[in-house]
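The next block holds one structure in the form of structure tokens; read it before the comments.
Reckoned from all heavy atoms, side chains included, excluding hydrogens, waters and symmetry mates. Here the structure is a predicted model, which is why all the values come from computation and not from measurement.
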Amino acid sequence: MTAQSCPRQHCATTMDSAALEPTLYTVKAVFIVDNDGNRLLSKYYDPELYPSMKEQKNFEKNVFDKTHKADNEIAFVEGMTIVYKSSIDLFFYVVGSPQENELMLMAVLNCLFESLSLMLRVILESDPQQVIEKVNYRADDNPLSEQSVAQHITEKLALTSNVLQSAKEQIKWSILK
């Protein structure tokens, strides 16, 4: 059927359904904000979505205002499909087009969330041997003198103490919330 022989109503329906089909570009934006709605990280994959920094921050603030007290995982804000997750004092958002599959967006969100959790887990480790193994540190590559070993152990103990104090603070704040 050619465009000339296509009945007007049928062509309009075909074009409308084509406009609503999901695209290959599932994720329009990803951003992380703190518990006050302040941007920590953002990446916009669609340059036409919110071209200026001001528009992006306004969108992020609007999304945060509508989602930070909700218990849902999906929101529709400014015509966009948004999936989100919070952890202690951070909010993770993945933005897709209005017709996008929420399960696809949630898969991206979960991957981002779990990847960051795994990468940052080393910070909460209190066993120096585990820290060294997790960052693939090999003593064979860096021969240490007795004095530098003592200095290294002292630094690791101080780091461990700081990490434990930070973990205690995070646990305290998560309980108080």
Report the C-alpha separation of V33 and L40 in whole Å, then their side-chain angles, then the decisive distance to 0.1 Å, and conclude whether the side chain to side chain contact (heavy atoms under 4.5 Å, CB included) test is met.
-> CA-CA 5 Å; V33 298; L40 299 175; 5.7 Å; no

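- Between atom OG1 of residue T67 and atom CG of residue N72 there is a gap of 9.5 Å, rounded to the nearest 0.5 Å.
- Cluster annotation: Y45 and L41 are assigned to the same hydrophobic cluster (Ile/Leu/Val/Met/Phe/Trp/Tyr, side-chain heavy-atom contacts under 4.5 Å, transitive).
- A donor and an acceptor atom, one from each side chain of N110 and K85, are located under 3.5 Å apart.
- Using a 4.5 Å heavy-atom threshold, the side chains of I32 and F91 count as separate.
- At most 12 heavy atoms of other shown residues, nucleotides or ligands fall within 6.0 angstrom of atom NZ in K57.
- In this structure the side chain of K28 reaches within 4.5 angstrom of the side chain of S97, judged on heavy atoms.
- A donor-acceptor contact shorter than 3.5 Å is absent between the side chain of E73 and the backbone of Y84.
- Minimum interatomic distance between Q56 and P51 (heavy atoms only, all atoms of both residues): NE2-O, 4.4 Å.
- Residues M104 and L112 are members of separate hydrophobic clusters, defined by side-chain heavy-atom contacts under 4.5 angstrom among Ile, Leu, Val, Met, Phe, Trp and Tyr.
- In this structure, V77 and F59 approach most closely via the heavy-atom pair O-CE1, 4.1 Å.
- V30 is not listed as a side-chain neighbour of V95, based on a closest heavy-atom distance of 4.5 Å or more.
- For the pair D89/D34, no side-chain contact is recorded, criterion being any heavy-atom separation below 4.5 Å from C-beta on.
- Both F113 and V83 sit in one connected hydrophobic cluster of ILVMFWY residues. Membership requires side-chain heavy atoms under 4.5 Å apart, directly or through other members.
- A 6.0 Å sphere centred on CE of M106 holds more than 12 heavy atoms belonging to other residues, nucleotides or ligands.
- Across P98 and G79, no two heavy atoms sit closer than the pair CG-O, 2.8 Å.
- The closest donor-acceptor contact from the side chain of N101 to the backbone of L103 lies under 3.5 Å.
- Side chain of T81 to backbone of F76: no donor-acceptor contact under 3.5 angstrom is found.
- Put simply, the side chain of N35 does not reach to within 4.5 Å of the side chain of H68, judged on heavy atoms.
- Residue M53 holds its CE atom at 9.5 Å from OH of Y44, rounded to the nearest 0.5 Å.
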What's the verdict on side chain to side chain contact (heavy atoms under 4.5 Å, CB included) for L49 and M80, showing C-alpha distance, side-chain angles and the deciding distance?
-> CA-CA 10 Å; L49 184 59; M80 303 305 290; 3.7 Å; yes

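- The residue from Y50, Y93, F92, F64 that alone fulfils the ring pair (Phe, Tyr, Trp, His ring centres under 6.0 Å) condition with F31 is Y93.
- Side-chain N or O atoms of S52 include one that pairs as donor or acceptor with a backbone N or O of E55 at under 3.5 Å.
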